[in-house]
Amino acid sequence: MAAILTDPLELPCGLVLANRLGRAAMTEGIADRRNDPTEQHERLYAANARGGAGLVLTGNAMVDRRHLERARNIVVDAATDPGALRRVAEASAGTPTLVQLSHPGRQVNRYVNSHPVAPSDGPAVAIAGAFAKPRALTRDEIDEVRARFVDAALRVVAAGFPGVQIHGAHGYLISSFLDPEQNRRDDVYGGDLAARARLLLEILAGMREALPPETAIAVKLDARRGADDDLAELGRMLAAGGIDLIEISGGNYERPEMAGYDADGEELRSEHESPFWNSAAAVTAAVDVPVMLTGGFRTRAEVDRALAGGVCDVIGAGRPLAVRPDLAGRFVAGETDTLDRPGPRLGGPAPVRRLLGAAAGTGWHRIQLQRTGKGRPPLLGFPALLAALDYTNVDWAQALSARRSRMRIAEETPRSTIS
Ligand SMILES: Cc1cc2nc3c(=O)[nH]c(=O)nc-3n(C[C@H](O)[C@H](O)[C@H](O)COP(=O)(O)O)c2cc1C
């Protein structure tokens, strides 16, 4: 339905967003060695809550400490310090903040995890030999993944957050199940769209059954070229399963479309600022639940067009708000007409850009998140190459140094859900 940025929005669960700007999930990597939340998270999410967006999504928190996306992710399981999680929830109070829950699947470098899993045996992520070949999950392991997502959602809500987002995008595990190129299973979890979506729908059903009805459950999905009909159909299935918000983005490590690049490191060309515009429009037309479109928005004119034209109900913004959380409020209030995105552009030949461009960009923005977490202003002059090295090498070193203790905690941690 046509809307303007300052319109409030009530999600089906009853949660009310004060406006139509959502702060998208951005991985922080600032948990402690036990993967518990820290004071840096408290400061960062207090800043986001004050920032003026109607909705905040946290960076991806992992449901299984044997399967991290990066060394210092938050993990939500039976070994998580509930007090640390509660303090982040308290810090974020005032603006609905949903914790993004994720399993990385095959997209984890070999230093963090040399035994990644995926829907099917398949090739490693093809970047600089840094990723190990994933093996297919067994049926029992799929059951465990589902139980872990539900368990983590219960813990997040018990900590005081109003809900969660299931990460079904950007090439991680749930996204791989949905992707016909990645999922070649011949059991009930592979095949047609309904089968590929089974794990996601079972997670949603498990959460809906276990959580109070006023809990918000959102999902983030990938737009895939030529697959908008499937995406719309998936939206219908999720709506029937009780989803509250469907966020559309796209891209993965090998095709970093979310960062605005194609597989060759060339800038994406699209008719709209967001390359996922048409896909979001297809889902919005198919479902009654709110749709959020994330990726590429920079100008008020384009934001207004998307909302007024019924392309989506909420605009997602990531990188602009990584640098300045309060830009959200200034943009909504009309004090500025751009969601400007300072950040490095890595030059050089295509292979270098392909190898380092996404890591430099994402790494640079993550440095800014960390600075907010430390109570410091953004550092716009931070060099791109250093950001890429920090994003990769520092992470690997931290992962290797904590690996043994992490696996010991995983061994000792019961997998049952909280009663
Ligand atoms: C530093 C950084 C970390 C990110 N981490 C996540 C994440 O944890 N989960 C996720 O779904 N997307 C993640 N993304 C993608 C963003 O949510 C968003 O989809 C993307 O940046 C495109 O939006 P934008 O053009 O407004 O930045 C990340 C992006 C950046 C820059």
Side-chain angles (χ1 to χ4, degrees), residues 21-31 41 44 48 53 55-62 68-70 72-74 98-104 107-108 164-175 218-223 246-253 256-261 267-268 270 272-277 279-280 292-299 302-303 306 312 314-325 327-328 331 338-344 357-373 378 382 387-388 390-392 395:
L21 188 64
R23 184 269 192 195
M26 285 180 282
T27 193
E28 310 94 359
I30 51 177
H41 289 101
L44 176 61
N48 284 323
L55 174 71
V56 171
L57 282 316
T58 70
N60 52 185
M62 300 298 120
L68 301 183
E69 171 262 334
R70 61 182 41 255
R72 295 293 174 88
N73 291 136
I74 292 176
L98 309 185
V99 175
Q100 187 186 59
L101 296 176
S102 187
H103 185 304
Q107 282 191 165
V108 51
V164 296
Q165 182 184 58
I166 306 167
H167 195 348
H170 299 329
Y172 297 110
L173 186 71
I174 305 294
S175 158
V219 66
K220 188 174 191 180
L221 300 174
D222 290 317
I246 301 175
E247 181 183 0
I248 304 296
S249 189
N252 52 43
Y253 283 17
E257 292 171 357
M258 63 287 202
Y261 298 102
E267 283 199 30
L268 285 182
S270 84
H272 291 283
E273 287 179 356
S274 177
F276 317 119
W277 180 280
S279 307
M292 169 163 153
L293 170 56
T294 299
F297 279 106
R298 298 295 167 255
T299 62
E302 190 80 335
V303 163
C312 60
V314 182
I315 302 291
R319 288 164 291 180
L321 305 185
V323 181
R324 298 185 190 92
L327 179 59
F331 187 74
T338 49
L339 289 168
D340 59 330
R341 177 165 71 76
T362 311
W364 189 91
H365 284 92
R366 198 177 67 100
I367 297 276
Q368 313 302 337
L369 296 174
Q370 291 179 337
R371 290 185 65 82
T372 306
F382 198 87
D390 176 76
Y391 194 63
T392 52
D395 181 57

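Since this is a predicted model, take the numbers as computed values, not measurements. Just so you know, ligand 1 is whichever comes first in the structure, and atom 1 is the first atom listed for that ligand.
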Nearest protein heavy atom to atom 5 (N) of ligand 1, by residue and atom, and its distance? T27 N, 2.8 Å
Measuring from atom 18 (C) of ligand 1, which candidate in T294, N73, L369 has the nearest non-hydrogen atom? T294
Test item: side-chain donor near acceptor, E69 and S102, under 3.5 Å: no
Quick test: of every protein heavy atom, which one is nearest to atom 9 (N) of ligand 1, and how far off is it to 0.1 Å? Q100 OE1, 2.8 Å
Could you tell me which atoms of ligand 1, counted from 1 in the order shown, lie closer than 4.0 angstrom to a heavy atom of A317? 26 (O)
For ligand 1, is R298 a contact, meaning one of its heavy atoms is under 4.0 Å away? yes
If I take atom CE from residue M258 and atom OG1 from residue T362, how far apart are they, to the nearest 0.5 angstrom? 6.5 Å
Test of understanding: given a 4.0 Å heavy-atom threshold, classify the contact between R341 and ligand 1 as side chain, backbone, both, or neither. neither
As a check for students: among G29, A25, G363, P275, identify the option with a heavy atom nearest to atom 28 (C) of ligand 1. A25
Taking distance alone, with no angle check, do R366 and ligand 1 share an N/O pair under 3.5 Å? no
Please work out, at 4.0 Å between heavy atoms, whether the side chain, the backbone, both, or neither of E69 comes within that distance of ligand 1. neither
How far is atom 29 (C) of ligand 1 from its nearest protein heavy atom, and which residue and atom is that? M26 CG, 3.8 Å
Check each of I315, I248, L293 against S274 using the side-chain contact (heavy atoms from CB on, under 4.5 Å) test, and report the only one that passes. L293
Determine whether any heavy atom of G296 lies closer than 4.0 Å to an atom of ligand 1. yes
In terms of its nearest heavy atom to atom 10 (C) of ligand 1, the top option of M258, K220, Q368, Q370 is K220
Indicate yes or no for a side-chain donor-acceptor contact from R298 to the backbone of P320 under 3.5 Å, with no hydrogens or angles considered. no
Once you round to the nearest 0.5 Å, how far does CZ of R371 lie from CG of L44? 13.5 Å
Does any N/O atom on T362 come nearer than 3.5 Å to any N/O atom on ligand 1? no
The option among G250, G251, G318, P256 carrying the non-hydrogen atom nearest to atom 26 (O) of ligand 1 is G318
Please verify whether a non-hydrogen atom of A169 lies at under 4.0 Å from ligand 1. no
My understanding is that only residues two or more places apart in sequence, or in another chain, count here; which of them pass side-chain contact (heavy atoms from CB on, under 4.5 Å) with T58? E28, Y45, T97, V99, Q100
Closest heavy-atom approach to atom 21 (O) of ligand 1 among H170, E273, R319 is made by R319
Taking side-chain contact (heavy atoms from CB on, under 4.5 Å) as the definition, give me every residue that meets it alongside A53, ordered by chain and number, with sequence neighbours left out. R23, A328
